[in-house]
Number of protein chains: 2
Amino acid sequence: MKPVTLKQIAEQLNISVTTVSKALKDYSDVSPKTKALVKELAKTLNYKPNTFAVNLRTKESKTIGLIIPVIVHHFFSNVIRGIISQAEKKGYLVIILQSNESYELEKKQIDLLMSQRVDGILISLANGTANFSHLNEVIAQDKPLVMFDKIAKIVKCSKIIIDDRKAAYMATQHLIDTGCKRIAHFRGALLPQNSIDRFLGYKKALLDNNMPYDPSLVYICECGDMSFEEGKKNAQQLLNDHNDVDGIFINTDLVAIGAMTEFNKQGVKVPEDISIVGFSNWFMSSVISPTLTTVDQPGYEMGRAAFKQLYREMKQLKKNKPVVYKEIVLETALVKRESTKELVK
Amino acid sequence: MKPVTLKQIAEQLNISVTTVSKALKDYSDVSPKTKALVKELAKTLNYKPNTFAVNLRTKESKTIGLIIPVIVHHFFSNVIRGIISQAEKKGYLVIILQSNESYELEKKQIDLLMSQRVDGILISLANGTANFSHLNEVIAQDKPLVMFDKIAKIVKCSKIIIDDRKAAYMATQHLIDTGCKRIAHFRGALLPQNSIDRFLGYKKALLDNNMPYDPSLVYICECGDMSFEEGKKNAQQLLNDHNDVDGIFINTDLVAIGAMTEFNKQGVKVPEDISIVGFSNWFMSSVISPTLTTVDQPGYEMGRAAFKQLYREMKQLKKNKPVVYKEIVLETALVKRESTKELVK
DNA sequence: CTGAAAGCGCTTACAG
DNA sequence: CTGAAAGCGCTTACAG
């Protein structure tokens, strides 16, 4: 059963393809009578415009691309939800690719999306990405591009982020306020901006509270992805290296949970011996024990905001109007739970 | 900067568009010299074929659609990963939609994907789906369709599943083997096949062990989605209704975790007072305490298998060869953890 | 080995 | 109010 075309409708009604096309799109220069006839037949024949042809004519695909480091992470799946739901509202479909934190893959996927001629691209960078020419090329070709969460400051485009530095500061301050005297930090990989900013927030909080900053207390994620195993490994290492640490600010909940699991195994009590603050507020952080104090990061909202901005830019582009890049900073909140102690009065 | 077309290459080289097209596709009837010239220029100009035009000609989009009930669920995000990675290998892109367990949405999304003329569709049904005409229509239009996990037996198409009945039987048998005498079941919604099959597996295990089947011990999920809250609510209800239940087989890990949280709050000890087996082996089940005994369901593998089958069918269709529907059953395994007791010798 | 021509199914500027 | 025509950028059967 072949799909119905405009031509078939036109032939059956003995009118031109032009008129059929215009009737279906409610052009004002078609008689109401013709419109009614056309629409009725289109409906009975279950006519669906051929998107391929429409795309070719309009040079639009009503499809956007999304590149995300890891889909299964709670934060990112929430971002995806936000993007898809907003896109659907505006009649856009979303092609999703996973970069697996690899720069090479990310680059290939950008190429793929450009070949596919998506109308715009949303991206959260891989940890491995240090070169941004693939992104600048997208921009150079006038393809709207919006980065979120894991961004590169140097790339000129819109960005949806949180204030990582401030959030990390809050988190560290909370450890200090609850009596921690020697606070370690499990940071992410070296490159990502958010990992840098969270580190800087941690450092600033220490200094503002007249606590010494000790580089040996900062553990870098070498493997590139922020995993449960990474948390266990770092926790083990920390216990070997130091016996006076009483608080840790950890870059991601999943890593924090890995660390807590290890501490639990080793008989180190959380928060009595060591307090822990995570980052991102994954669902599971609220159900493990002790429940994890963390920074809530609005994934769903971030996804929505990212699509909205992309949509704005796609619309401007279509009208040949100038695009104004925006940097939208979403609010975060510290969620206090059992992995940190009560406030010291 | 407008994209380069075949015409531009042809003009610059003073040859025909036909020859350029054939040269780029390595047709045997183009001289090696011409080929070399064309390819070189194409490369320097960064020529990318216009997918819209290619699609229109070839009637293929090299894109498939995926409809999934909930993205953030660990099992489903793993399925997505499996699908995307396999699709990428074969040069296919994946458009993802979330049905939110709603039949109405699912139907709309099928329509959307058909309008978009994707080459094939992968779907896991919404809990609310009891009418399958939207799916039969897809099949009637010769569009390859593969269902996975949440399937409808009555729809004639390929299916990738696990043996839910067997897995549930295993899970229940484990509760029996570890000494449970009165076993409840939190089943999913009424409609989904897997929720029915898991219930039947539970029931069969009881009967095979000469244990009475008591309908009042089966709690149905009314709200439609299998959530954490659902687990808490059912657990509460169970404590009200019965004081002799010592084991529960729960349809989904997330619900099981909700139940455990509630039990913990009420001072009911797991597994001492009540043993629990979940289903799906979500990551978080291995990090909560007690860790959750559950049935491991191979999400990533299921995604891969689903795409592979779809790919086979798309290839057959292209060659105008008959499509053979397959029902592929993947293996599951019981993962024994702390929420159930040791085997009774 | 090369190329003119038709056509995929639409949209839209233009003529009447 | 209606329609002929051009064109979006490809692919491919066919002629030479």
Side-chain angles (χ1 to χ4, degrees), chain A residues 1-39 41-42 45-63 114-119 141 318-320, chain B residues 1-39 41-42 45-63 114-119 141 318-320:
Chain A
M1 197 170 84
K2 275 196 179 171
V4 182
T5 65
L6 287 187
K7 202 175 156 196
Q8 289 169 41
I9 297 180
E11 278 167 3
Q12 282 201 38
L13 294 176
N14 250 321
I15 56 176
S16 75
V17 168
T18 305
T19 304
V20 174
S21 172
K22 288 201 277 193
L24 287 173
K25 306 183 82 192
D26 257 330
Y27 273 42
S28 57
D29 64 349
V30 179
S31 74
K33 216 170 88 185
T34 311
K35 271 189 199 171
L37 277 171
V38 169
K39 284 183 181 172
L41 185 57
L45 294 181
N46 191 22
Y47 170 75
K48 299 265 173 65
N50 183 323
T51 334
F52 302 158
V54 175
N55 289 350
L56 181 59
R57 276 295 317 221
T58 61
K59 299 185 187 304
E60 280 190 318
S61 60
K62 290 279 183 183
T63 299
M114 290 301 280
S115 294
Q116 186 71 12
R117 281 177 161 69
V118 292
D119 295 343
Q141 302 203 12
K318 212 166 141 184
K319 294 194 238 162
N320 275 313
Chain B
M1 197 170 83
K2 277 197 179 170
V4 182
T5 64
L6 287 186
K7 200 175 155 196
Q8 288 169 43
I9 297 179
E11 277 167 4
Q12 280 200 41
L13 293 176
N14 250 320
I15 55 177
S16 75
V17 168
T18 305
T19 305
V20 174
S21 173
K22 289 200 276 194
L24 287 174
K25 305 182 81 191
D26 256 330
Y27 273 44
S28 57
D29 64 348
V30 179
S31 75
K33 217 171 89 186
T34 311
K35 271 189 199 172
L37 277 171
V38 170
K39 284 183 182 173
L41 185 56
L45 294 182
N46 191 24
Y47 170 75
K48 299 262 174 65
N50 183 323
T51 335
F52 302 158
V54 176
N55 289 349
L56 181 58
R57 277 296 317 224
T58 61
K59 299 183 187 304
E60 280 190 319
S61 60
K62 291 280 184 181
T63 299
M114 290 303 280
S115 294
Q116 185 70 13
R117 282 178 161 68
V118 292
D119 295 343
Q141 302 204 12
K318 213 168 140 182
K319 292 194 239 163
N320 275 314

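Worth knowing before you read on, the calculation uses all heavy atoms, side chains too, and leaves out hydrogens, waters and symmetry mates. Quick note on labels: first sequence line is chain A, next is B, and so on, each numbered from 1.
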Any side-chain N or O of [X] less than 4.0 Å from the OP1 or OP2 oxygen of [N]?
X: B:K22; N: C:dC1; result: no
X: B:Y47; N: D:dC10; result: yes
X: A:S16; N: D:dA4; result: no

Inset, instruction - Select base, sugar-phosphate, or nothing to describe what A:T5 touches, counting heavy atoms under 4.0 Å on all strands. - result: sugar-phosphate

Inset, instruction - Classify the nucleic acid contact of B:S31 as base, sugar-phosphate or nothing, counting any heavy atom under 4.0 Å across all strands shown. - result: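 Sugar-phosphate contact only.
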
Inset, instruction - May I ask you to test the B:I15-B:V38 pair for a side-chain heavy-atom distance under 4.5 Å? - result: yes

Legend entry - Test item: B:L24 and B:K39 side chains (from C-beta on) under 4.5 Å apart, heavy atoms: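 Yes, their side chains come closer than 4.5 Å.
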
Inset, instruction - Ignoring the backbone of A:R57, work out which of C:dC1, D:dA6, D:dT2 is nearest its side chain. - result: D:dA6

Legend entry - Side-chain-base donor-acceptor pair under 3.5 Å for B:K59 and C:dG9: no

Legend entry - N/O donor-acceptor pair, side chain B:T18 with base C:dA4, under 3.5 angstrom: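 Present.
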
Inset, instruction - Determine yes or no for a side-chain-to-main-chain donor-acceptor pair under 3.5 angstrom, with B:T63 supplying the side chain and B:S61 the backbone. - result: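 Confirmed, B:T63 side chain pairs with B:S61 backbone.
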
Legend entry - Gap between atoms CG and P, on A:N50 and C:dC8 respectively (whole Å):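 Taking CG of A:N50 and P of C:dC8, I get 11 Å after rounding.
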
Legend entry - Interatomic distance, A:L56 CG vs C:dC8 P [rounded to whole Å]: 13 Å

Inset, instruction - Can you see which heavy atom on A:K62 is nearest to which on A:D119, and at what distance? - result: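 So the minimum-distance heavy-atom pair works out to N-OD2, 2.6 Å.
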
Legend entry - G-U wobble or Watson-Crick pairing nucleotide for D:dA4 (cut-off 3.5 Å, both distances): none

